[in-house]
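Here the structure is laid out as structure tokens; the discussion comes afterwards.
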Amino acid sequence: MSKSARAEWDPWQLPPQDGRSYLVTGANAGIGFFTCEQLAKAGAHVIMSGRHPNRLAQAHDALEARVPGASVETLLLDVANPGSIRAAAASVRGGLFDRTKLDGVVFNAGIVHSPRSRKITRDGRELVFSTNALGHFVLGAELLVPLAKSASSRWSPRMVWLGSVSTRMGRHEPVDLQLEEHYSAWNAYVQSKVAVQALGIEADARLRDAELPVHSVIAHPGYSIGGRTPRVSGVNEPSRLKRLRDGLQPIAQSKEHGAWTVVRALVDPESQGGDYWGPKHLTRGVPVRQRASATSADPEVRRKVWEACERLSGITWPVDKAARAAR
Ligand SMILES: NC(=O)c1ccc[n+]([C@@H]2O[C@H](COP(=O)([O-])OP(=O)(O)OC[C@H]3O[C@@H](n4cnc5c(N)ncnc54)[C@H](OP(=O)(O)O)[C@@H]3O)[C@@H](O)[C@H]2O)c1
């Protein structure tokens, strides 16, 4: 981890991103949308992915209206559906998109408000874990080779995992990842985010071992809420009551500002594999380096989560193939 990163980072003045291509999951709303907007404003080509065609089309139109001349396209991708992930990744690998290289991917899609009772996906996995963690593990495996191929002497492609400050609130060791025993909405969310962070750190260790020039980085957006976020038609349209209620939460920030940490993790030339970025004042503020919770950084927890994802998905990350592709 570089110690020389600038303490200050101006989220309004990003390094030019012309010529770079990034894919963002869950891009039709919230932090995912604003991440795309900030990347597009800086000149990047952005692949906005989402699970619903209408919501995705609305977000695409909104982004084009807010960033005239933006280079942006859409990709249908439901991260809770392995078939959808494979199909979407195959399109990216097959070069169906405007750019043939992929300089980074943001694993943003997530269920923030978990269902009150345990729900499962079509393939029988607990829904919150499957959406937030397992689906991105599968997507990471599917996109590792195109990411590695895009490495150059000037740029190491990145994957950014969305962590959460909630992982500091108690240990939440993910012993029962599918929550078959003790499901609660809070437990499902926090445990999934411990798993995401553990995957992000473990991915970094594995990529380094294989000497792969792809960085795995984690970013958490603090506490970012819709009622403090600019109105964007079809993307963020909070009621008056929500604006009022959210306005009374001084520790919160907008989702636009929540996207700052994600964007820094992705584009700051000094962002390194294994870094953990978060807002300066924990729940709000400009992005700075922080530390992941002890549980998610625990090598034993990381190994168990990684192996559980391999077992549940039947997928092993193709690190050797990616290393050959990077040469
Ligand atoms: N906001 C915070 O304070 C906060 C704090 C810590 C971490 N985070 C993390 O930041 C990320 C974004 O949060 P947010 O606040 O922006 O949430 P949000 O406004 O609820 O947006 C979530 C996005 O994820 C998408 N999504 C959900 N399930 C999906 C699936 N199966 N396939 C594809 N996309 C799916 C949603 O699409 P639909 O519109 O189709 O549902 C939406 O685009 C999440 O990973 C969250 O855990 C947020």
Side-chain angles (χ1 to χ4, degrees), residues 23-37 48-60 62-63 74-85 87-88 106-115 119-123 125-136 138-139 160-169 186 188-197 199-200 218-229 232 234-238 242 246 249 251-263 265 276-279 282-284 290 293:
L23 187 155
V24 179
T25 66
N28 63 287
I31 291 160
F33 175 82
F34 289 101
T35 296
C36 292
E37 181 178 293
M48 304 176 80
S49 80
R51 62 178 158 171
H52 193 287
N54 295 354
R55 292 200 283 272
L56 201 48
Q58 280 185 315
H60 175 262
L63 196 145
T74 58
L75 172 67
L76 263 184
L77 200 179
D78 180 344
V79 293
N81 177 341
S84 168
I85 299 170
V106 180
F107 299 143
N108 164 78
I111 297 180
V112 178
H113 302 291
S114 311
K119 298 234 171 350
I120 56 169
T121 58
R122 262 188 248 163
D123 60 337
R125 314 289 181 223
E126 191 279 317
L127 179 66
V128 182
F129 167 69
S130 212
T131 306
N132 295 1
L134 185 61
H136 287 124
V138 175
L139 185 61
V160 177
W161 306 73
L162 264 286
S164 169
V165 72
S166 65
T167 55
R168 296 183 181 206
M169 302 172 188
W186 175 246
Y189 181 70
V190 184
Q191 183 173 282
S192 77
K193 285 294 158 180
V194 172
V196 166
Q197 295 184 176
L199 289 173
I218 301 159
H220 84 83
Y223 181 38
S224 307
I225 54 182
R228 282 184 166 255
T229 303
V232 179
V235 172
N236 185 58
E237 300 178 89
K242 183 164 170 55
D246 287 4
Q249 301 201 55
I251 61 165
Q253 64 179 352
S254 70
K255 298 205 184 201
E256 185 177 27
H257 292 187
W260 286 349
T261 53
V262 181
V263 172
Y276 187 87
W277 297 95
L282 199 60
T283 56
R284 63 201 301 271
Q290 296 175 350
S293 70

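For ligands, and for the atoms within them, numbers begin at 1 and follow the listed sequence. Sequential numbering from 1 along the given sequence is applied to the chain's residues.
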Where's the contact between N132 and ligand 1, heavy-atom distance under 4.0 Å: side chain, backbone, both or neither? neither

Under 3.5 Å between any N/O of Y223 and any N/O of ligand 1: does that happen in this structure? no

Plane angle bin for W186 and Y189 - parallel if under 30°, tilted between 30 and 60°, otherwise perpendicular: tilted

For atom 12 (C) of ligand 1, what is the closest protein heavy atom, and at what distance to 0.1 Å? N108 OD1, 3.1 Å

Polar contacts were defined as any N/O atom of the residue lying under 3.5 Å from an N/O atom of the ligand; does this apply to I31 and ligand 1? yes

Under 4.0 Å from any heavy atom of T131, which atoms of ligand 1 are there? 28 (N), 29 (C), 31 (N)

What atoms in ligand 1 come closer than 4.0 Å to a heavy atom of D78? 30 (C), 31 (N), 32 (N)

So, taking the atom named CZ in R51 and the one named OG1 in T25, what distance separates them when rounded to the nearest 0.5 Å? 11.0 Å

Between atom CZ of R228 and atom NE2 of H257, what is the distance when rounded to the nearest 0.5 Å? 10.5 Å

Which residue owns the protein heavy atom closest to atom 43 (O) of ligand 1, what's the atom, and how far is it? N28 OD1, 2.8 Å

Nearest non-hydrogen protein atom, atom 17 (O) of ligand 1: V112 CG2, 3.5 Å

Could you list which atoms of ligand 1 come closer than 4.0 Å to a heavy atom of G163? 6 (C), 7 (C)

Is the backbone of K255 close enough, under 3.5 Å, to the side chain of T229 for a donor and an acceptor to pair up by distance? yes

If I take atom CD from residue E256 and atom OG1 from residue T35, how far apart are they, to the nearest 0.5 angstrom? 10.5 Å

Can a side-chain donor-acceptor contact be found between D78 and S84 if the only test is distance below 3.5 angstrom? no

Starting from atom 21 (O) of ligand 1, which protein heavy atom do you reach first, and at what distance in Å? A29 CB, 4.2 Å

Within 4.0 Å of some non-hydrogen atom of Y189, the atoms of ligand 1 are 6 (C), 7 (C), 8 (N), 46 (C), 47 (O)

Can you tell me if H113 contacts ligand 1 (heavy atom of the residue under 4.0 Å from the ligand)? no

Residue, atom and distance of the protein heavy atom nearest atom 25 (C) of ligand 1 read G26 CA, 3.8 Å

Touching ligand 1 at all, T25? Heavy atoms, strictly under 4.0 Å? no

For atom 32 (N) of ligand 1, the protein heavy atom that lies nearest, with its residue and separation: V79 N, 3.0 Å

Applying side-chain contact (heavy atoms from CB on, under 4.5 Å) between L127 and each of I120, N132, I111, report the one that passes. I111

Which value, rounded to the nearest 0.5 Å, describes the distance between I31 atom CD1 and T261 atom OG1? 7.0 Å

OG1/T74 to CD/Q58 distance, rounded to the nearest 0.5 angstrom? 12.5 Å

Could you tell me the residue and atom name of the protein heavy atom closest to atom 22 (C) of ligand 1, and the distance to it rounded to 0.1 Å? G110 O, 3.6 Å

Per-atom contacts of ligand 1 with G222, taking only distances under 4.0 Å to non-hydrogen atoms: 3 (O), 5 (C), 6 (C)

Going by the atom numbers of ligand 1, which of them fall below 4.0 Å from some non-hydrogen atom of R55? 38 (P), 39 (O), 40 (O)

Within 4.0 Å of some non-hydrogen atom of P221, the atoms of ligand 1 are 4 (C), 5 (C), 6 (C), 7 (C), 8 (N), 48 (C)

Please say whether S224 places an N or O atom under 3.5 Å from an N or O atom belonging to ligand 1. yes

Flag side-chain contact, heavy atom, 4.5 Å: L199 against H136: no

Which heavy atom of S164 sits nearest to which heavy atom of K193, and what is that distance? CB-CG, 3.7 Å

Could you state the interatomic distance from SG (C36) to CG (N108), rounded to the nearest 0.5 Å? 8.0 Å

Residue, atom and distance of the protein heavy atom nearest atom 10 (O) of ligand 1 read L162 CD1, 3.5 Å

Filtering T283, L77, T121, V128 for the heavy atom nearest atom 33 (C) of ligand 1 leaves L77

Residue A80 vicinity, atoms of ligand 1 by number, heavy atom under 4.0 Å: 31 (N)

For ligand 1, is K255 a contact, meaning one of its heavy atoms is under 4.0 Å away? yes

Got a donor-acceptor contact below 3.5 angstrom from the R284 side chain to the A252 backbone? yes

Assign the ring pair F107 / W161 to parallel, tilted or perpendicular, where the plane angle (0 to 90°) is split at 30° and 60°. perpendicular

